[in-house]
**Q** 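Mind looking over this structure? Questions follow.
From a predicted model like this one, the values you see are computed outputs, not experimental measurements. In what follows, chains carry the letters A, B, and so on, assigned in the order in which the sequence lines appear, proteins first and then strands, with residues in each chain numbered from 1.
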Amino acid sequence: MSATTFTAARTIEQTASEPMAQRWAIRWQLYLGFIALALGGLVGLLQAIERIDIDLYDEAGLASYYQGLTLHGVLLALVFTFTFGNAFLSLTTIRGFGRPLASTALVQGAFWTALAGVVLAAYAILTNQASVLFTFYPPLKAHSTFYLGAVFLVLSTWLVSANQLLTWRAWKREHPGERTPLLAFASIATYLMWDLASIGIAIEVVGFLLPWSLGWINTVDPQFNRTLFWFTGHPIVYFWLLPVYVSWYLIFPKQVGGKLYSDGLTRLVFILFLVLSVPTGLHHQYTDPGIPVWMKSIHLFTTFAVVFPSLITAFTLMSVIESAGRARGGRGLIGWIRHLPWGDPSVSAQLLAMLVFLLGGTTGIINASYTVNKVVHNTAFVPGHFHLTVGTAVGLSVMGISYWLVPYLTGNALYGRRLAVAQGWLYAIGVLVFARGQIAGGLNGMPRRTAIGAATYELSSWNLENWMTAIGGVLMAIAGLFFFIVMVGTLLSRKPAEKLEIPVAEARFDSTRTLPLLDRLGFWFVIAALLVVLAYGPFFIAYLPLNLTSPGWNVWQVSGGGDTWVDVLAAGWVVIAIGAFAWFWRLLQGAVFESRRLGRD
Amino acid sequence: MHIERLEKIFMVLGGILLAVGIAAIGASVLAADVHLPAPSGRIDPRTVRTTPPFDQPGVRQIGPNEYEAVIVAYIWAFQVSPDISSNEIHVPVGANVTFKVTSTDVIHGFMIERTDVNAMIIPGQVTEVSYTFDKPGEYLIICHEYCGTGHHTMFAKVIVA
Ligand code: HEM
Ligand SMILES: [Cu+2]
Ligand SMILES: [Cu+2]
């Protein structure tokens with residue numbers, strides 16, 4: 001170890017409130033997400049150019065477009081988002097409370113669990129035993145390691161949540177009667193929402209799909225399982241989004257040189273997401289046959305209600321950004337825009353992500369609009385929409401956050417600042433072209449989740465849309481490459497970072513007083529659970545008894561796979577090896593720690 | 001909790017916007033008579049081929065200008081007539097067609113381009129949707145839910161003449 005990196009590591013240890021053993025787990029959780037982003041993005045490129053008849057699936061070693069699409073969806077929508085949330089909101093919990101997490105074992109365990117989940121699912125997908133897409137609707141039946149992987153991934157998020165709650169309790173003991181710090185409050189609210197939301201998928205996988213894939217039960221009820229899936233499947237989008245909202249509300253204002261708008265309003269927004277996110281899932285099933293129309297219409301109302309906190313967010317952020325621009329000397333109706341720190345890649349990426357999100361939110365309201373949904377449901381309009389939201393509002397913001405986060409976590413200066421600024425612009429332009437292609441295609445009847453280049457019914461009127469999708473996708477992929485050049489350069493950089501702090505904004509209004517009720521997450525969690533019972537109770541009661549009549553189908557592999565137990569063992573030893581490695585690593589870390597401590601004394 | 005006057009106005013306007021949106025949707029249902037698929041019965045996907053009416057796929061006239069199209073979706077085709085090699089449905093201009101569809105295997109999609117027919121076909125459930133074809137032409141029925149490696153080859157046609 002060279003002298004410079006050693007001093008850098010020392011400084012981090014002294015300035016930050018998290019011990020190295022926790023920082024290490026957080027950093028690797030983040031890197032796991034980056035690996036998923038890189039591989040997932042690469043497959044995205046293949047999907048985009050498939051539309052102009054460039055088929056590189058053989059070359060990539062993928063058996064079908066759909067094996068690739070499963071990778072893309074699982075790596076990006078599940079692995080990348082979960083691991084980023086795990087890493088980032090663990091860190092903001094530490095920073096918010098100004099103390100380490102209560103349990104080092106839990107934060108490390110969350111990393112190993114997520115890694116085991118990725119390995120298990122990747123094993124099933126890469127061996128072409130799970131081309132079921134990231135929604136894995138039964139009666140498509142994947143290999144059991146796919147479902148096990150999903151269990152582990154969700155488990156890792158629960159471990160993070162448990163650690164937050166334990167840390168909260170410890171903090172309260174140390175600070176009796178004090179109000180929960182806002183940064184920690186928002187981070188915990190996000191995971192509490194997800195705890196409630198993930199119950200659906202947990203029941204679906206553990207109660208039905210896993211035993212089914214192991215051969216313990218023979219048939220499932222596709223309509224019922226779909227409903228369990230979407231119970232989680234809508235709020236999951238807020239689980240993707242809220243970590244980024246934590247940055248937008250609480251960190252980004254400081255980066256643009258402004259203040260957080262209002263402590264109370266921020267709490268209110270996160271409480272509204274906690275309460276309203278879950279009882280909305282039926283809006284993904286407007287066109288399902290097995291659900292009474294009146295139940296669908298209730299979810300229309302709750303869905304529109306959860307738009308409200310996002311509207312507040314749009315206003316609040318705009319106000320924060322404008323006052324920052326004016327404080328920096330900007331004048332006139334729009335003159336302040338120029339005065340924002342556009343040269344800071346972390347700021348510009350997040351500003352662009354917010355702008356794109358305006359379009360993403362608007363298209364989302366179109367999807368949610370009940371009868372209008374019939375125009376767009378399952379057409380290419382939908383990928384058009386969600387590459388603006390999760391693909392950019394989240395994806396590009398995460399890249400922007402990484403431009404300060406990775407230097408913070410490694411102690412290394414950001415490499416290639418100008419390239420990083422260009423990256424944000426290129427990605428934003430790329431996604432606008434891409435989404436324009438997909439959205440127009442969808443309105444023209446182009447289905448989603450379809451190898452359009454190979455379709456036997458392709459319409460010539462889709463030509464322009466296909467080209468826009470392809471060109472936009474290529475631009476996004478190039479921007480992704482830029483991001484990874486910057487990241488790898490930063491990791492290898494020998495130059496120490498200048499600032500080693502998490503930029504947390506102060507509140508412009510009422511930083512000392514709020515309504516006591518705005519600090520009671522437990523109370524709001526109960527309200528959220530009650531709403532869920534009201535919104536889903538009628539369905540579950542009216543739907544019973546289950547229609548368990550569907551056997552499983554493998555519709556992507558001509559010859560059957562190997563013996564299940566052989567596969568489970570094969571994947572199992574990988575997990576065991578990882579576990580052994582984890583144990584060994586902890587021993588090693590403990591030893592290193594001890595020697596450092598002795599050296600210092 | 002401090003909320004600026006402008007933000008209050010914005011919140012009220014936002015609330016009104018959402019209320020107007022809901023009202024417009026309400027109007028589309030109540031006044032314009034646009035409906036979402038509703039439950040139309042359960043079925044055992046393993047015995048679809050012997051369960052009426054799906055033992056006899058095809059179009060039949062059930063009234064003046066009223067038609068019923070019974071369709072079986074399976075990997076990777078829509079069976080729209082007793083003749084398994086055909087994928088065309090023929091109806092006259094102005095026909096109001098009720099489609100009754102179910103699946104023998106996995107989930108499929110049922111979308112007719114240039115119409116508002118858009119529904120899921122879920123094994124174990126019967127999907128029922130209807131549409132009046134006022135303009136002559138060829139309408140693609142596309143499976144718009146992933147159903148395996150042949151998914152992009154799964155389609156049929158409604159020919160209105
Ligand atoms: C290089 C950048 C990217 C490109 C070129 C790309 C391209 C695509 C394309 C063409 C599809 C549609 C496939 C189809 O419907 O047949 C798709 C689907 C999807 N993309 Fe991306 N994408 C990119 C990045 C992302 C990112 C960053 C995310 C999320 C963080 C994301 C999440 C998804 C999801 C969830 C789907 C749906 C998968 C499914 O339907 O099962 N993509 N992508
Ligand atoms: Cu199909
Ligand atoms: Cu299909």
**Q** For A:Leu546, which atoms come within 4.5 Å of any heavy atom of chain B: side chain, backbone, both, or neither?
**A** backbone
**Q** Go through the atoms of A:Val132 and report whether side chain, backbone, both or neither lie under 4.5 Å from a heavy atom of chain B.
**A** backbone
**Q** Flag yes if more than 12 heavy atoms outside A:Glu506 fall under 6.0 Å of its CD atom; otherwise flag no.
**A** no
**Q** Heavy atoms only, distances under 4.5 angstrom: which of B:Lys157, B:Glu113, B:Gln125, B:Arg114 has the most pairs with chain A? Name it, please.
**A** B:Gln125
**Q** Shorter than 4.5 Å, heavy atoms on both sides: which option in B:Ile22, B:Thr115, B:Leu140 has the most such pairs with chain A?
**A** B:Ile22
**Q** Quick check for you: to the nearest 0.5 Å, what is the distance between B:Ile142 atom CD1 and A:Tyr457 atom OH?
**A** 5.0 Å
**Q** Pick from B:Ile25, B:Val34, B:Thr127: which one has the most heavy-atom pairs with chain A under 4.5 Å?
**A** B:Ile25
**Q** Tell me, for A:Ile291 versus chain B, whether the close heavy atoms (under 4.5 Å) come from the side chain, the backbone, both or neither.
**A** backbone
**Q** Using a cut-off of under 4.5 Å for heavy-atom pairs, which of A:Arg226, A:Lys296, A:Arg448, A:Lys141 has the most such pairs with chain B?
**A** A:Arg226
**Q** With a 4.5 angstrom heavy-atom cut-off, is it the side chain or the backbone of B:Val126 that approaches chain A, or both, or neither?
**A** backbone
**Q** Please find the pair of heavy atoms, one from A:Tyr286 and one from B:Pro37, that lie closest to each other, and give the distance.
**A** O-CD, 3.7 Å
**Q** Heavy-atom pairs under 4.5 Å with chain A - which of B:Met111, B:Met120, B:Met11 has more of them than the others?
**A** B:Met120
**Q** Within the structure provided, determine whether A:Thr371 and B:His35 are in side-chain contact (heavy-atom separation under 4.5 Å).
**A** no
**Q** What is the distance from atom CH2 of A:Trp294 to atom CG of B:Leu36, rounded to the nearest 0.5 Å?
**A** 15.0 Å
**Q** Going from CG on B:Asn118 to OG1 on A:Thr287, what distance comes out if it is rounded to the nearest 0.5 angstrom?
**A** 5.5 Å
**Q** Drop me the distance from B:Cys147's SG to A:Trp553's CH2, to the nearest 0.5 angstrom.
**A** 11.5 Å
**Q** With a 4.5 Å cut-off on side-chain heavy atoms, are A:Asp288 and B:Ile122 touching?
**A** yes
**Q** Looking at residues at least two apart in the chain, or sitting in another chain, which of them share a side-chain hydrogen bond (donor to acceptor under 3.5 Å, both in side chains) with A:Thr313?
**A** A:Tyr249
**Q** Should the pair B:Phe10 and A:Phe315 be assigned to parallel (<30°), tilted (30 to 60°) or perpendicular (>60°) ring geometry?
**A** tilted
**Q** So do the side chains of A:Asn378 and B:Glu145 get within less than 4.5 Å of each other, counting heavy atoms only?
**A** yes
**Q** Do you know which of A:Thr379, A:Ile452, A:Val293, A:Val376 has the most heavy-atom pairs with chain B at a distance under 4.5 angstrom?
**A** A:Val293
**Q** In terms of heavy-atom proximity below 4.5 Å to chain B, should A:Phe301 be classed as side chain, backbone, both, or neither?
**A** both
**Q** Specify which of A:Ile312, A:Leu443, A:Leu300, A:Val375 makes the most heavy-atom pairs with chain B at under 4.5 Å.
**A** A:Ile312
**Q** Examine whether an atom of A:Pro551 lies under 4.5 Å from a heavy atom of chain B, and if so say whether it belongs to the side chain, the backbone or both; otherwise answer neither.
**A** side chain
**Q** Heavy-atom distance under 4.5 Å between the side chains of B:Tyr146 and A:Leu69, does that happen here?
**A** no
**Q** Does the side chain of A:Thr450 come under 3.5 Å of the side chain of B:His151 through a donor N or O and an acceptor N or O?
**A** yes
**Q** If you define the side chain from C-beta out and look only at heavy atoms, does anything of A:Pro289 sit under 4.5 Å from B:Pro39?
**A** no
**Q** Check whether A:Ser131 gets within reach of chain B through its side chain, its backbone, both or neither, counting any heavy atom under 4.5 Å.
**A** both
**Q** For chain A, which candidate among B:Pro123, B:Ser40, B:Gly124, B:Ala119 shows the most heavy-atom pairs at distances under 4.5 Å?
**A** B:Pro123
**Q** Does the side chain of A:Arg449 reach to within under 4.5 Å of the side chain of B:His144, using non-hydrogen atoms?
**A** no
**Q** What part of A:Tyr543 gets closer than 4.5 Å to chain B, counting heavy atoms only: side chain, backbone, both or neither?
**A** both
**Q** Between A:Gly445, A:Ser64, A:Pro138, A:Ala455, which has the largest tally of heavy atom pairs under 4.5 Å with chain B?
**A** A:Ala455
**Q** Please identify, among B:Asp116, B:Thr153, B:Asp105, B:Val117, the residue contributing the most non-hydrogen atom pairs under 4.5 Å to chain A.
**A** B:Asp105
**Q** Roughly how far apart are B:Ile107 CD1 and A:Gln223 CD, rounded to 0.5 Å?
**A** 8.0 Å
**Q** Check whether any side-chain N or O of B:Arg46 sits under 3.5 Å from a backbone N or O of A:Thr549 as a donor-acceptor pair, and report yes or no.
**A** yes
**Q** Heavy atoms, side chains only, cut-off 4.5 Å: are B:Leu18 and A:Leu311 in contact?
**A** yes
**Q** Non-hydrogen atoms of chain A under 4.5 Å away: do they reach the side chain of B:Ile43, the backbone, both or neither?
**A** backbone
**Q** Side chain, backbone, both or neither: which part of A:Ser297 has an atom under 4.5 Å from a heavy atom of chain B?
**A** neither
**Q** Contact part of B:Thr102 toward chain A, heavy-atom cut-off under 4.5 Å: side chain, backbone, both or neither?
**A** neither
